[in-house]
**Q** 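Pasting a structure here, questions to come.
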Amino acid sequence: MQREVIVRFAPSPTGYLHIGGARTAIFNWLFAQKTCGKMILRIEDTDAERSTQESIQGIIDSLKWLGITWDEDPYFQSQFINEHLAAARKLLESGNAYKCFCTKDELDRKRQAALKRKSDLRYDGTCRNLTLEAVAEKEEAGIPYTIRMKVPRGEGSVRFEDIVYKTIEYKYEDIEDFVIVRSNGQPLYLLSNAVDDIRDRITHVIRGQDGLSNAHRQILIYRALGAPVPQFAHMSLTLDPQKAKISKRKHGELVAVHFYREHGFLPWAFVNFLVLLGWATPESREIFSREELIEAFSLQGINRANSIFDVRKDDPKYFTDPKAISINAHYLRTLPIEEIEPYVRVEMEKAGIWDPEYENTKHSWFLDTIELIRGRFHVTTDFGSRGRAYFSDDFPIEPRALKKNILKHPELKKWLPMLADRLQALESFSVTETENVIREMAAEFGVKPGVLINGIRTLVTGQLAGPGMFDVLIAIGQHRVVKRLRRAPALFDKL
RNA sequence: GUCCCCAUCGUCUAGCCUGGUCCAGGACACCGGCCUUUCACGCCGGCAGCAGGGGUUCAAAUCCCCUUGGGGACGCCA
């Protein structure tokens, strides 16, 4: 019988979760969901120097926001150091590892020299064949040592089938005797990670392609420890437009998951975008609900070529990959209104324009208004900025709109207040009634209705463009519309 | 320098395994048009790609080789 699938996401808490990590987490999660398997969250915090509590929390928050779930509580790799060291001892005893007394300085010197000669940078195996006596002697003398894996020599190779990259083969002669325990007694990633995966009975290691050149070394550890080797699925990397690996250092917040949360992305829209980076179905389908994506997901759909996250640092039109924005906008206008309601609320609270009545007496008005304006928004933050006038009397008038729709037509200075009077007199403030009033007035003054309509739009919403004007008037309401129209003269007077 | 991986429109990709149905399909972006009081949406249309060179074959985006380009690894980081 096939064993239950167990995967893990194993971030090192040295900063926020960036999109590369998020992709890895998403693919692991999808695979677990697809196979009804388990996903473990393991915090690889063995680098005490760089690990921070803040970053652990940040990563967990980002994962939760994305909607990624895992089984069991997250645990910390540092809790299992003794287990890692026990494995190292076992490797030592079985002759699969040896103590290396070379100092860092010596190794550095050799590496530099090799660099200069433009030759091999790998460890030369100085301590590989030390006699038992020599080892004992050095130990007695208190010389610190690292533990290195004793990679088989001679003909032969490590070969494995990667689910994404197919057959991968490394000759023994190309693999150096890598260090698994530091001279201060701390285990290293290659060891810890493998030992943890063995204990957790991980069946599938799904990680970035940068792990591909670790796989063969870890397989050596698995074998020497007599443990079954998991299946590997290495995913192509996400690069920036300059084809450089994305990094916190270079790109800052732009590649942080929390940045997208703060900039009005719907979490699922972001997941949907991310999953399309380096993965596709045979139909190139693009939009998936959660259930649909799990259903459609397959490791075979992962692309071998790296993909580019098309961030545009100083692009005035798109603050991030246009496709990400487009997918977000798609969800924003098509999701059931109740699903986006909470995200809108958050933005309005941030903008200081939230009214608790929107959840009580004004609830249906609130939903109708979101429905009215969401079609042309890209991110939820738009509700607090471009959509501000619908919810607050304190909103700015866009300079371009002011210029084009108001100031260009000086007659509006007296027409708009007149219109305010007529609208105020209306008994039924409806789409048809308001439209009649406005069109009649346009005819009366011999102007195109658009002149009045656009003037009204700017005065009432502060915007250059927006939904159908008469719907807008109803949404904003008779009282507020009248009040805003009466401000027209003031706009001219300011000049 | 050594090893590993990759290569289709500007970007994300389908097609490649199992050659012909591909003078290469979709999406985003861009450009035009329709709709419209505006802007979006929607619809219609357009621009744009098999890195290059050799082979194999009746036939190559698809198979093989080389070149070039890109990425990753080569840490007592993870």
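As a basis for the values below, the full set of heavy atoms in this structure was taken, side chains included, without hydrogen atoms, waters or symmetry mates. Protein chains get the first letters and strands the later ones, always in sequence-line order, with residue 1 at the start of each.
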**Q** Does the ring of A:Tyr172 carry A:Arg153 above it, NZ/CZ under 6.0 angstrom from centre and within 45° of its axis?
**A**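 Ring-cation test returns no.
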**Q** Reckon A:Arg304 has a side-chain N or O less than 4.0 Å from the OP1 or OP2 of B:C6?
**A**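 Checking B:C6 against A:Arg304, a side-chain N or O does come within under 4.0 Å of OP1 or OP2.
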**Q** With both distances kept under 3.5 Å, what pairs with B:U56, Watson-Crick or G-U wobble?
**A**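 Matched B:U56 with nothing under the 3.5 Å cut-off.
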**Q** Would you mind classifying the nucleic acid contact of A:Asn193 as base, sugar-phosphate or nothing, using non-hydrogen atoms under 4.0 angstrom?
**A**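 The answer is nothing, as A:Asn193 stays clear of every strand by at least 4.0 Å.
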**Q** So if I define the base as every atom that isn't primed, P, OP1 or OP2, how would nucleotides 25-37 of chain B read as a B/S/- string at a heavy-atom cutoff under 4.0 Å?
**A** BBBSSS------B
**Q** Return all side-chain donor-acceptor pairs below 3.5 angstrom for residues 401-413 of chain A, not counting sequence neighbours, or 'none' if the list is empty.
**A**
| residue | atom | partner | partner atom | Å |
| --- | --- | --- | --- | --- |
| A:Asn405 | ND2 | A:Thr458 | OG1 | 2.9 |
| A:Lys413 | NZ | A:Asp493 | OD1 | 2.9 |

**Q** With both distances under 3.5 angstrom, what nucleotide forms a Watson-Crick or G-U wobble pair with B:G1?
**A**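 Partner of B:G1: B:C74.
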**Q** Does B:C39 have a Watson-Crick or wobble mate here (both distances under 3.5 Å), and if so which one?
**A**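 The answer is none; no pair meets the criterion.
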**Q** Is it true that the NZ or CZ of A:Lys248 lies under 6.0 Å from the centre of A:Tyr16's six-membered ring and within 45 degrees of the ring axis?
**A**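 The answer is yes; both the distance and angle limits are met.
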**Q** I'd like to know if A:Asp196 pairs up with A:Arg42 as an ion pair, taking the criterion as any Lys NZ or Arg NE/NH1/NH2 lying under 4.0 Å from an Asp or Glu carboxylate oxygen.
**A**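 Salt bridge present between A:Asp196 and A:Arg42.
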**Q** Using atom CZ of A:Arg386 as one end and atom P of B:A40 as the other, report the distance to the nearest whole Å.
**A**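 Nearest whole value for this atom pair: 10 Å.
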**Q** Taking any heavy-atom pair under 4.0 Å as a contact, classify A:Gln463: base, sugar-phosphate, or nothing.
**A**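 If one applies the 4.0 Å heavy-atom cut-off, A:Gln463 turns out to touch nothing in the nucleic acid.
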**Q** Check if the side chain of A:Arg333 and the base of B:C41 share a donor-acceptor pair of N or O atoms closer than 3.5 Å.
**A**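 No such pair is found, so the answer is no.
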**Q** For A:Tyr123, does the six-membered ring have the charged nitrogen or CZ of A:Arg148 within the cation-pi criterion, i.e. under 6.0 angstrom from the centroid and within 45° of the normal?
**A**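 Yes, cation above the ring, under 6.0 Å and within 45°.
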**Q** Round to a whole Å and report the spacing from CG of A:Asp315 to P of B:U11.
**A**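 In whole Å, B:U11 P lies 15 Å from A:Asp315 CG.
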**Q** Between A:Phe377 (CZ) and B:A40 (C1'), how many Å, whole number?
**A**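 It is 10 Å, rounded to the nearest whole Å.
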**Q** Between B:G42 atom C1' and A:His330 atom NE2, what is the distance in whole Å?
**A**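 Answer to the nearest Å: 13 Å.
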**Q** Contact class for A:Gly466 (heavy atom, under 4.0 Å): base, sugar-phosphate, or nothing?
**A**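 Counting heavy atoms under 4.0 Å across all strands, the contact made by A:Gly466 includes a base.
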**Q** Measure from CD on A:Gln242 to C1' on B:G10 and round the result to the nearest Å.
**A**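 Rounded to whole Å, this separation is 13 Å.
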**Q** According to the Watson-Crick and G-U wobble definitions, with both distances under 3.5 Å, which nucleotide is paired to B:A14?
**A**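 When the pairing criteria are applied, nothing turns out to pair with B:A14, so the answer is none.
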